[in-house]
Protein chains: 2
Amino acid sequence: MSESSLLPPAPVIYLVEPFGGSVRRQNPNMPHVFWDDAAVTRGDGIFETVLVRGGEAKNLDKHLDRFARSARLMGLPEPVREQWARATREAVADYCGERGGDAGDVEARCVWTFTRGRETTGVPTAWLTVRPIADEVLDQREHGVAAVTTPRGYSIDPDVPWLGVGAKTLNYALTMAALRWAKEQGADDVIYVEPDTGRVLEGATSSVLMVKKGGRLRTPAPGPGVLAGTTQAAIFEHAERLGWKCKAKNIYVGELFKAESVWLVSSTRIATRVKRLDGTKLAAPDNEAEIRQLIADAVA
Amino acid sequence: MSESSLLPPAPVIYLVEPFGGSVRRQNPNMPHVFWDDAAVTRGDGIFETVLVRGGEAKNLDKHLDRFARSARLMGLPEPVREQWARATREAVADYCGERGGDAGDVEARCVWTFTRGRETTGVPTAWLTVRPIADEVLDQREHGVAAVTTPRGYSIDPDVPWLGVGAKTLNYALTMAALRWAKEQGADDVIYVEPDTGRVLEGATSSVLMVKKGGRLRTPAPGPGVLAGTTQAAIFEHAERLGWKCKAKNIYVGELFKAESVWLVSSTRIATRVKRLDGTKLAAPDNEAEIRQLIADAVA
């Protein structure tokens with residue numbers, strides 16, 4: 001192993017002109033966000049996290065779709081689709097090239113950020129980063145997680161016109177607090193459930209996927225409290241082609257204990273099996289290898 | 001009027017070492033927040049907005065108390081009280097000195113920010129800014145506002161252990177969306193009310209203060225959905241000394257229409273009278289000058 005391979009690869013950052021102009025490389029050792037940016041002062045912006053694998057960004061169209069939807073819901077200018085695709089391609093090529101070795105082996109996490117911008121200029125701020133996937137994420141992908149259920153702590157009223165339900169915003173302080181709390185309980189992740197009904201919503205940063213007998217896949221239907229998942233959508237599309245019966249419908253927490261297997265799916269972690277829920281061990285399914293292959297192929 | 005007085009005064013920024021070390025001046029024309037700061041990626045941090053007047057930060061102890069409480073609730077290190085007080089004094093002195101003229105005439109807005117810091121270092125990021133108060137704020141202080149009531153869009157469950165109810169975090173994307181919506185309705189601000197009960201919570205960035213006949217002041221009691229207000233507390237303390245009867249208790253939206261006057265109070269806007277609520281004109285009270293004086297003296 002060469003000495004340089006002991007260091008994590010340097011992040012690649014591209015600043016993106018918000019209205020479709022140029023993109024340019026930014027030195028990751030220099031800050032570029034101003035103290036009066038709405039992202040900093042208000043968490044007022046949107047993001048997407050995209051898996052990079054085999055030299056390319058995966059599931060790109062679904063991420064571009066959701067990015068545009070988030071922008072619309074938050075009253076931000078529409079991100080210029082072609083520009084983000086191009087900036088992503090360039091950044092991924094830089095990252096793979098600079099990392100050395102075969103680009104086909106590279107895995108990374110690409111994050112797009114689009115904020116309402118500086119108070120003093122009113123121009124949105126936009127950039128993307130390409131970075132290594134955290135060891136913890138790779139570890140969870142392989143070894144699964146212990147999860148605890150919890151109410152979200154707030155219930156969302158879908159009739160409020162300005163709420164932007166379904167937007168993927170930067171307001172994750174509560175999510176981070178939930179994850180810290182889970183770790184204090186000795187767990188790795190949370191699964192949000194509706195307090196009165198026990199209806200399953202989603203993981204802290206993932207969609208819940210349940211495998212049932214008879215080749216059935218289930219996920220909670222997107223809506224208030226359930227963000228539409230890009231990885232979940234890719235898995236369903238692929239699985240349906242292979243003859244799985246896939247449905248987005250209500251799941252109640254008791255069903256998770258009776259399922260063949262329960263997974264948390266998201267872009268860079270891809271899928272992690274829930275091995276323990278609220279302290280109870282969930283048995284390993286007979287078809288774990290098949291499910292892993294199904295999911296791997298869906299995001300390939 | 002000299003030419004320089006036509007330009008808004010330059011902001012004064014101090015970076016603050018999070019564990020009580022040194023403070024240093026930061027060039028406001030240079031960004032200092034990194035792309036992997038938790039404030040940027042997650043809105044994961046806390047803040048306080050402090051009024052600067054007559055060469056000093058007002059209501060300092062109450063802001064320091066709430067800042068410390070927010071940090072505790074969010075699992076952040078305790079801000080070093082003396083350090084923030086000193087950094088504020090130095091920054092305010094710089095700002096007043098550089099603005100020229102008599103420091104006694106200067107009004108400004110000082111914002112403290114404390115974030116969970118960079119993902120790559122785990123060290124919190126902390127800084128403060130001193131800047132002019134926006135013209136819109138000064139205008140509302142003088143001329144009042146039209147407000148619209150709206151449900152908050154989410155209800156908060158105080159029993160969820162990790163929610164950090166009462167912390168003043170950077171997660172204001174929904175607040176900003178509510179204000180944009182208010183402006184689309186031709187109003188200036190919102191007053192959040194509980195949908196089923198009509199119980200009044202707070203303004204978007206202010207406490208609600210209601211003046212009733214017989215020298216009575218009312219404000220909604222702090223709790224889930226109602227942040228304890230530093231300005232409201234200062235007003236109550238001062239008014240009680242003058243013989244006003246002050247109570248923090250439930251207010252229902254119908255009472256606002258029958259009150260002598262309704263005010264939104266916050267640090268830099270201080271107080272703005274609600275002149276129109278949901279399109280209905282609220283009559284000017286006979287004692288408006290007295291109330292204004294009461295509030296002015298309370299934050300003097």
Side-chain angles (χ1 to χ4, degrees), chain A residues 11 13 26 28 30-47 73-75 111 113 115-116 119-120 127 129 131 134 150-165 167 169-182 184 190 195 224, chain B residues 11 13 26 28 30-47 73-75 111 113 115-116 119-120 127 129 131 134 150-165 167 169-182 184 190 195 224:
Chain A
I13 304 181
Q26 161 75 20
M30 299 286 285
H32 75 264
V33 185
F34 277 86
W35 47 276
D36 67 340
D37 196 289
V40 174
T41 57
R42 303 294 188 187
D44 197 358
I46 57 172
F47 76 105
L73 286 164
M74 296 302 291
V111 177
T113 306
T115 89
R116 208 171 300 279
E119 211 177 301
T120 37
W127 72 91
T129 62
R131 303 167 68 191
T150 174
R152 175 150 242 150
Y154 54 91
S155 56
I156 294 162
D157 178 353
D159 296 331
V160 173
W162 44 263
L163 255 194
V165 168
T169 77
L170 298 171
N171 283 220
Y172 267 62
L174 293 184
T175 306
M176 297 296 109
L179 286 174
R180 285 195 300 280
W181 172 82
E184 285 164 21
V190 301
Chain B
I13 304 181
Q26 161 76 18
M30 299 285 284
H32 75 264
V33 185
F34 277 85
W35 47 276
D36 67 341
D37 197 287
V40 175
T41 56
R42 304 293 190 188
D44 196 359
I46 58 171
F47 76 105
L73 286 164
M74 296 303 291
V111 177
T113 306
T115 89
R116 206 171 300 279
E119 211 178 301
T120 38
W127 72 91
T129 62
R131 304 165 67 192
T150 174
R152 175 151 241 148
Y154 54 91
S155 56
I156 294 164
D157 178 354
D159 297 331
V160 173
W162 43 263
L163 255 194
V165 169
T169 77
L170 297 170
N171 283 218
Y172 268 61
L174 292 185
T175 307
M176 296 296 109
L179 286 173
R180 285 196 299 279
W181 172 80
E184 284 164 22
V190 301

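The chains referred to below are lettered A, B, ... by the order of the sequence lines, with proteins before strands, and numbering in each begins at 1. Note that the coordinates shown come from a computational prediction; the quantities given were computed from them, not determined experimentally.
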Taking side chain as everything from C-beta outward and backbone as N, CA, C, O, which of these in [X] sits under 4.5 Å from a heavy atom of chain B? Side chain, backbone, both or neither.
X: A/T150; result: side chain
X: A/M30; result: backbone
X: A/P28; result: both
X: A/L73; result: neither

Option in A/W35, A/W127, A/Y172 with maximal non-hydrogen atom pairs under 4.5 Å from chain B: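 Highest number of heavy-atom pairs under 4.5 Å: A/W35.
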Between A/A177, A/G45, A/A39, which shows the greatest number of heavy-atom pairs under 4.5 Å with chain B?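 Most heavy-atom pairs under 4.5 Å with chain B: A/A177.
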Under a 4.5 Å heavy-atom cut-off, does chain A meet the side chain of B/R152, its backbone, both or neither? backbone
In terms of heavy-atom proximity below 4.5 Å to chain A, should B/V33 be classed as side chain, backbone, both, or neither? both
Atom [atom1] in [X], atom [atom2] in [Y]: separation rounded to 0.5 Å?
X: B/R42; Y: B/R116; atom1: CZ; atom2: CZ; answer: 11.5 Å
X: A/N171; Y: A/D44; atom1: CG; atom2: CG; answer: 7.5 Å
X: B/I46; Y: B/L170; atom1: CD1; atom2: CG; answer: 8.5 Å
X: A/M74; Y: B/L174; atom1: CE; atom2: CG; answer: 6.5 Å

Set of residues satisfying side-chain contact (heavy atoms from CB on, under 4.5 Å) with respect to B/D36, sequence neighbours excluded: A/R131, B/F34, B/R118, B/E119, B/T120
Could you walk me through whether B/W181 and B/V190 pass side chain to side chain contact (heavy atoms under 4.5 Å, CB included), step by step? CA-CA 9 Å; B/W181 172 80; B/V190 301; 4.3 Å; yes
